[in-house]
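Chain letters run A, B, ... following the sequence lines, proteins first, then strands; residues in each count from 1. Keep in mind that this is a model prediction, so the values were computed, not measured.
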Amino acid sequence: MKSFFESEIWPLKNKLYRFALLWLKDRDKAQDAVQETLTRGFVHARALEKMDNPKGWMMRTLKNESLMQIRREGRYEVLDEAQVVEMHGNLESADFSHEVKMVYRFLDLLPAKQREIFFLREVEGLMHQEIAGYMEISEAQVKVNLHRARKKLKTYLQNNEKGQI
Amino acid sequence: MKKDKSELWEKYWSGESSLEEENLLFGNPGDLPVAGPEKSFRKGIVALRGEKPKAIPKPYAGLPWQRLAAGVALLCTIAACWWGYESYREQQRKQAYLQVVAAMELIQEQLQRGSQELENVENLKYLNTGADWYEINNQHQR
């Protein structure tokens with residue numbers, strides 16, 4: 001019989017990795033962050049089993065781990081999420097295709113909540129309900145934020161095509 | 001197909017597309033060729049969906065076996081130590097018993113010898129005559 005960690009937490013590794021990439025934009029660092037988060041998940045497996053939303057806890061832990069990595073590297077003391085992402089944005093030197101860089105550039109323009117919701121829907125293909133569960137917000141909030149993000153995306157793509165970006 | 005595709009994008013932009021429809025948009029790149037501003041974005045999303053980590057080692061993989069083996073080894077060690085300690089104590093007890101018995105035997109022997117000596121001294125109390133002295137002397141010589 002598989003343990004709770006093996007059946008519920010371990011299969012999240014690919015999702016967690018892509019989510020870490022959203023913040024870190026570096027495959028090796030994302031890998032480290034995921035490994036660290038999975039180790040924490042393993043250590044706290046019993047507590048996670050009793051939680052209502054263990055996947056949400058894993059996502060939050062990963063996000064905190066990623067932001068901590070960025071802060072450690074940059075020796076930033078007190079920065080909010082948006083500042084960390086802005087200062088970390090060393091996307092040009094990253095080993096990604098032009099199209100992926102374009103998606104990341106767009107995502108970095110969004111507020112943190114919209115960015116995560118948009119990412120979880122478009123990249124991870126999660127249902128509204130699942131995203132609400134991961135982020136511990138209502139489904140209505142998910143829909144509203146997603147719609148706003150898509151509107152911004154449409155404008156962004158149009159401007160991109162016109163060569164304004 | 002082209003009409004379906006643009007319909008899907010229309011639904012997507014208006015926020016009315018279902019997850020299945022979005023999976024059609026961002027699924028296999030060969031399924032639904034896209035032109036226009038969405039093309040690069042779609043390629044980017046498809047590439048991101050394919051991102052996977054290198055082999056991540058499972059945290060403490062095989063830990064239950066290691067725990068079990070360590071537990072068994074620890075129990076064996078404790079049992080062996082306990083058994084060794086008990087047999088050592090048993091040996092000590094036997095040795096102590098034998099030493100006490102030997103000591104008691106020695107004391108008994110000494111006491112016996114002492115009482116024999118005393119018996120001879122006791123006899124001296126009643127020596128009154130030369131004949132008695134002669135008799136004792138004879139006894140010793142015999």
Part of [X] lying under 4.5 Å from any heavy atom of chain B:
{"X": "A:Leu146", "answer": "neither"}
{"X": "A:Arg18", "answer": "side chain"}
{"X": "A:Val123", "answer": "both"}

Under a 3.5 Å distance rule, please check whether [X] uses its side chain to pair with a backbone N or O of [Y] as donor and acceptor.
{"X": "A:Glu36", "Y": "A:Glu65", "result": "no"}
{"X": "B:Glu21", "Y": "B:Ser18", "result": "yes"}
{"X": "B:Arg42", "Y": "B:Leu25", "result": "yes"}
{"X": "A:His44", "Y": "A:Arg40", "result": "yes"}

(message) Only pairs of heavy atoms separated by less than 4.5 Å count here; which of A:Leu21, A:Val103, A:Leu153 has the most with chain B?
(response) A:Leu153
(request) Of all the heavy-atom pairs spanning A:Ile117 and A:Gln141, show the shortest one and how long it is. (result) CD1-O, 4.4 Å
(message) Check this for me: A:Gln129, atom CD, are more than 12 non-hydrogen atoms of other residues, nucleotides or ligands nearer than 6.0 Å?
(response) no
(request) Verify the ring-centre separation between B:Phe26 and B:Tyr12: is it less than 6.0 angstrom? (result) yes
(message) Aromatic contact between B:Phe41 and A:Tyr156, with the criterion being ring centroids under 6.0 Å apart: yes or no?
(response) no
(message) So for B:Glu51, is it side chain, backbone, both, or neither that comes closer than 4.5 Å to the heavy atoms of chain A?
(response) both
(request) Write out, in numerical order, the residues from residues 7-17 of chain A with a heavy atom short of 4.5 Å from a heavy atom in chain B. (result) A:Trp10, A:Lys13, A:Asn14, A:Tyr17
